[in-house]
Amino acid sequence: MSGTFRLGVFIVAGLLIFAAGIFWIGNKQFLFHSTYRLQAEFGNVAGLNGGAEVRVGGIHEGTVRQIQLPMRPNEKVRVQMDMASSTRNIIKNDSVATIRSEGLVGDKFVEISFGSEQAARVKDGDTIQGEPPLQISDLLDKTREVLDVTRGSDRQRQSDRRQSQLDHDRKSTRVRDQSGP
């Protein structure tokens with residue numbers, strides 16, 4: 001084999017690997033599919049990043065295209081998503097977008113619920129309702145509140161028992177004192 005032939009094989013193999021990578025990335029980002037743009041607004045995106053998956057019924061059907069900060073403090077964060085055209089019959093104006101996490105600390109993704117039969121179909125550029133994400137820190141705060149309340153009621157019960165015991169002891173002492181030796 002000549003050096004020129006080897007070089008040719010190396011270049012062709014490199015181009016094939018490059019083309020396969022382009023198709024793999026393009027397929028993941030829906031670059032070669034018919035898509036439409038959908039938006040959802042959230043008070044907090046909880047670490048969601050551009051390029052994250054968008055799932056419908058648990059299936060990867062879109063990609064987060066862009067996350068925009070609000071212009072004013074009273075507005076919400078806007079998440080723009082590119083969705084596969086095949087989802088137009090399932091995602092309706094009453095569908096809800098929720099930010100979820102793979103496991104406890106995994107990657108964030110957007111889950112969109114199915115819409116109702118009678119609701120209107122979404123159009124390109126429509127905005128659907130966003131549900132605030134559940135964050136572990138919120139869950140821990142709520143657990144702490146419940147434990148504090150539980151501890152407080154346990155302390156109150158213990159205090160009530162002690163008071164009841166003291167009252168009983170006082171009555172016993174009075175009865176003994178009144179009956180005499």
Side-chain angles (χ1 to χ4, degrees), residues 14-153:
L15 288 174
L16 287 175
I17 291 170
F18 178 72
I22 293 292
F23 279 106
W24 181 73
I25 291 170
N27 201 23
K28 189 171 181 154
Q29 297 291 325
F30 289 88
L31 295 177
F32 305 116
H33 290 28
S34 176
T35 62
Y36 66 99
R37 178 86 28 103
L38 193 61
Q39 301 179 76
E41 293 182 338
F42 299 92
N44 178 354
V45 293
L48 182 72
N49 292 316
E53 283 188 12
V54 178
R55 297 180 187 175
V56 180
I59 301 169
H60 181 205
E61 291 291 338
T63 303
V64 173
R65 172 64 49 213
Q66 184 179 26
I67 301 173
Q68 297 174 331
L69 281 173
M71 298 295 210
R72 294 182 199 94
N74 62 339
E75 294 178 349
K76 294 185 175 186
V77 178
R78 183 176 297 260
V79 176
Q80 292 182 355
M81 302 165 281
D82 288 337
M83 303 299 300
S85 290
S86 60
T87 63
R88 282 189 189 263
N89 295 328
I90 298 169
I91 299 175
K92 306 287 181 104
N93 281 336
D94 63 349
S95 292
V96 178
T98 308
I99 298 173
R100 303 230 186 256
S101 177
E102 293 278 355
L104 287 177
V105 291
D107 290 340
K108 305 287 185 183
F109 64 93
V110 177
E111 178 75 33
I112 299 179
S113 67
F114 295 155
S116 62
E117 283 288 325
Q118 58 273 22
R121 293 171 63 176
V122 291
K123 297 183 290 293
D124 193 33
D126 276 358
T127 300
I128 61 173
Q129 179 183 347
E131 185 176 284
L134 176 66
Q135 294 185 1
I136 297 298
S137 60
D138 294 340
L139 193 59
L140 291 174
D141 288 344
K142 189 67 171 171
T143 303
R144 189 175 302 119
E145 286 176 24
V146 169
L147 287 174
D148 288 345
V149 168
T150 304
R151 280 190 206 126
S153 60

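Residues Glu131 and Val96 come closest through the heavy atom pair CB-CG1, 3.8 Å. Closest of all the heavy-atom pairs between Ile112 and Ile128 is CG2-CD1, 4.0 Å. Heavy atoms only, all atoms of each residue included: Ala52 and Lys108 are closest at CB-O, 3.6 Å. Across every non-hydrogen atom of Arg72 and Glu75, the tightest pair is NH1-OE2, 2.8 Å. Met83 approaches Ile91 most closely through the heavy-atom pair CE-CD1, 3.7 Å. Considering all non-hydrogen atoms of both residues, Phe114 and Ser95 come closest at C-OG, 3.6 Å.
Here the straight-line distance linking atom CD of Gln68 with atom NZ of Lys76 works out to 15.5 Å at 0.5 Å rounding. Note that CG of Leu38 and CG of Asp124 are 9.0 Å apart. Values are rounded to the nearest 0.5 Å. Residue Glu53 holds its CD atom at 11.0 Å from CG of Leu48, rounded to the nearest 0.5 Å. Interatomic distance, CZ of Arg78 versus CZ of Phe42, reported as 11.5 Å (0.5 Å rounding). Note: Thr35 OG1 to Arg88 CZ = 9.0 Å, rounded to the nearest 0.5 Å. Considering CG of Asn49 and CG of Asp107, their distance stands at 8.5 Å, rounded to 0.5 Å.
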TODO: With side chain to side chain contact (heavy atoms under 4.5 Å, CB included) as the test, would you mind laying out the steps for Glu61 and Ser86 before giving the verdict?
DONE: CA-CA 8 Å; Glu61 291 291 338; Ser86 60; 3.6 Å; yes

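Considering only heavy atoms from C-beta on, Thr98 stays 4.5 Å or farther from Val110 through its side chain. For the pair Asn89/Arg121, a side-chain contact is recorded, criterion being any heavy-atom separation below 4.5 Å from C-beta on. Between Thr127 and Glu41 the shortest side-chain heavy-atom distance falls below 4.5 Å. The shortest distance between side-chain heavy atoms of Val77 and Pro70 falls below 4.5 Å. Counting heavy atoms from C-beta on, the side chains of Asn93 and Val122 come closer than 4.5 Å. Contact of the Tyr36 side chain with the Thr87 side chain is registered, since non-hydrogen atoms from C-beta on lie closer than 4.5 Å.
Put simply, the side chain of Glu111 never gets that close to the backbone of Val54: no donor and acceptor are under 3.5 Å apart.
Side-chain atoms of Gln80 and Arg65 include no donor-acceptor pair closer than 3.5 Å. Side chain to side chain, Thr63 and Asp82 fail the donor-acceptor criterion of an N or O pair below 3.5 Å.
In this structure, Arg100 forms no cation-pi arrangement with Phe109, as its terminal cationic atom is not both closer than 6.0 Å to the ring centre and no more than 45° off the ring axis.
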